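First up is the structure itself, then whatever we jot down about it.
Reminder, nothing fancy here: chain letters follow the sequence lines and each chain counts from 1. The shown structure was predicted, so the numbers you read here are calculated from the model rather than taken from an experiment.
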Amino acid sequence: MTVPSSPSTGPRFGWHAFVLLFANPERFMAWSRWAAPIFGALAVAAGGLGLYLGWSAPVDYQQGATVRILFIHIASAWMSEFVYACLAVASLLALVWRQMLADAAAQAAAPLGAGFTVLALVTGSLWGRPMWGTYWVWDARLTSVLALLLIYLAYIALRASMDDETKGGRAAAILALVGAVNLPIIHYSVTWWNTLHQGASVFRSGGSALAPVFYWPAILVALSYMSGFGSLWLVRIRGEVWRRRADAAALRAARG
Amino acid sequence: MSRLSALLARETALAWGRGGGPMVSVGFYAGVATLLPLAIGPEPQRLAAIAPGAAWVALALASLLSLDRLFERDFEDGALDHLALSPTPLELTCAVKCFGQWLATGAPLAVAAPIAAMSLGAPVALTPLIFVCALVGGLAFTFTGGIGAALSLGARRGGLLTAVIVLPLFIAPVIFGGGALAAFETGLPWTAGFAYLCAYAAAFVALGPIFMAAACRNALS
């Protein structure tokens, strides 16, 4: 039987301090000020290298030069779903703990996610025209990404149409959770309905189906998008925190 | 129990009698079914090919119409505050409201659906399945639609916003019901799609009221 050698005194580090980095606006503003440009630089570096490797890669024996579109396309399709996961988690935290920063994070993530979704749809249809012979097919993957875009737009519209910001934020957070319940159902329903898009080929059991010369540019661009999203997200959250502080200051000034 | 039955009677009576009741939804439905041949052309083969699908998607659109009355009037005249204060959980109250709405507009639309499909040229053998799909689908449309109606309480342009929120949520039930109807028409096994539709309706009869109550509490706070 072991006895703790000494009772813990003073500030505790570890999990508690980690949570405070995100929960306490002061601490968040302190670290995000440096983290945002670092993520941005990482995004530019990884994106530059990835695109260079992508341009210098040999053309695919079936797809020709259009394979280069996929370096941009695959990562933006991943990001469209990843950002929704971030939005849903931030919304849950904002609803349950009434966290101001989580609410600002959800608000900041939505337009970025919608942007990645539009990028995935546009690059996909530009690739589909020479490859499938059409810009758009009512295929399962395409339809579920379109549904994701509609849910992002509903989130942004709901948030924008409420005069009371707090109420609008909470209503939008509830919608984000409804969407999180619905997205898997929509995904499986359209898969059952119609499938043309290929299955998973980069991350799958048995290793990647891509040749290394195509694999590394795709991974580097994905890394670039991920850190670029991190950077833009932090910048947007910081802007939102400043805006809310300015609103509060204006309110105080008006009260005299 | 008597409180719940009184609430159900109130909701059904209000949905039935207020602002034209089911006649507005059924009239809209008949209007869409009339416009379709005018846009597509009166050739029977062409119309018959799209008849079940057209009847089904028009049903989804018609069930959007009555959603703005589900919470909005009660929110404006203060009845929703009273309902939130009652000892009945607000989740249960929202479920009863949606159920009353379904009785007053979903059921009449389910009767109109096979008639509209047949007038567009759907085979008569399909009518029982269209009726049952419309009944179950109406339940799914009302309980997902109620979420949108509750979320847009207090928003500017609430009606349009409700449609923007709700239409993405209609994707899955529209696919399930449409799939069942198309499979039945071509002689394929149709029970899978119908079972998915029932499962979706059951899931949102259970989950929808939780989201609706949260949205109502937020709007009332």
Side-chain angles (χ1 to χ4, degrees), chain A residues 84 88 91-92 94-96 98 103 110 114 117 138-195, chain B residues 53 75 140 143-180 182-183 192-193 195-197 199-204 206-221:
Chain A
Y84 196 88
S91 298
L92 184 69
L95 263 185
V96 176
R98 309 213 165 197
D103 182 54
T117 315
W138 289 97
D139 160 73
R141 289 279 193 102
L142 282 71
T143 314
S144 60
V145 172
L146 185 63
L148 178 63
L149 179 64
L150 292 178
I151 291 179
Y152 273 124
L153 294 182
Y155 179 92
I156 295 169
L158 176 60
R159 186 133 205 164
S161 62
M162 293 275 195
D163 288 328
D164 183 330
E165 253 186 58
T166 319
K167 280 186 186 180
R170 291 178 65 77
I174 296 170
L175 177 62
L177 295 183
V178 176
V181 172
N182 249 279
L183 279 171
I185 305 177
I186 294 175
H187 181 83
Y188 285 109
S189 71
V190 292
T191 305
W192 176 68
W193 179 55
N194 189 14
T195 295
Chain B
F75 178 66
F143 275 80
T144 46
I147 300 173
L151 281 175
S152 52
L153 283 180
R156 280 170 280 143
R157 308 173 74 187
L160 195 59
L161 186 66
T162 305
V164 170
I165 293 173
V166 163
L167 284 176
L169 306 181
F170 279 5
I171 292 176
V174 163
I175 287 177
F176 294 146
Y196 278 131
L197 180 64
Y200 190 87
F204 274 85
L207 289 178
I210 300 171
F211 290 121
M212 285 179 231
C216 287
R217 286 200 190 95
N218 177 44
L220 292 173
S221 66

Non-hydrogen atoms of chain A under 4.5 Å away: do they reach the side chain of [X], the backbone, both or neither?
| X | value |
| --- | --- |
| B:Leu169 | both |
| B:Leu161 | side chain |
| B:Ala219 | backbone |
| B:Leu151 | both |
| B:Thr144 | neither |
| B:Phe211 | both |
| B:Leu153 | backbone |

Inset, instruction - Mind ranking B:Ile175, B:Leu207, B:Val166 by heavy-atom pairs under 4.5 Å with chain A and telling me who comes out on top? - result: B:Ile175

Legend entry - Contact leader toward chain A among B:Ser221, B:Ala182, B:Gly148, where contacts are heavy-atom pairs under 4.5 Å: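 Result: the option with the highest number of such pairs is B:Ser221.
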
Legend entry - Aromatic centroids of B:Phe143 and B:Phe204 separated by under 6.0 Å: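 No; B:Phe143 has its ring centre 6.0 Å or more from that of B:Phe204.
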
Inset, instruction - First locate atom CG of A:Leu183, then atom CD1 of A:Ile151, and finally report the distance between them rounded to the nearest 0.5 Å. - result: 4.0 Å

Inset, instruction - Measure the OG-CD1 distance between B:Ser152 and B:Ile147 for me, rounded to the nearest 0.5 Å. - result: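 Answer rounded to 0.5 Å: 11.5 Å.
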
For each of [options], tally heavy-atom pairs with chain B at distances under 4.5 Å, and name the one with the top tally.
| options | value |
| --- | --- |
| A:Ala154, A:Ala160, A:Ser161, A:Ser144 | A:Ser161 |
| A:Leu150, A:Ile174, A:Leu95 | A:Ile174 |
| A:Leu148, A:Leu158, A:Leu153, A:Ile185 | A:Leu158 |

Legend entry - N-O pairing of A:Arg170 and A:Asp164 below 4.0 Å: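 No, A:Arg170 and A:Asp164 are not salt-bridged.
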
Legend entry - Any side-chain heavy-atom pair of A:Val96 and A:Leu92 under 4.5 Å: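 Answer yes - side chains close enough.
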
Legend entry - Side chains of A:Leu146 and A:Leu142 in contact at under 4.5 Å (non-hydrogen atoms):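 No, too far: nothing below the 4.5 Å cut-off.
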
Inset, instruction - Count the heavy atoms of every other residue, nucleotide or ligand shown that sit under 6.0 Å from CZ of B:Phe170, and state whether that count exceeds 12. - result: yes

Legend entry - Heavy atoms from other residues, nucleotides or ligands near CZ of B:Arg217 exceed 12 (cutoff 6.0 Å):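 More than 12 within 6.0 Å, yes.
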
Legend entry - Heavy-atom pair of closest approach, residues A:Ile186 and B:Pro168: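 So the two residues come closest at CD1-O, 3.7 Å.
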
Inset, instruction - Let me know if A:Ala173 has heavy atoms under 4.5 Å from chain B in its side chain, its backbone, both or neither. - result: neither

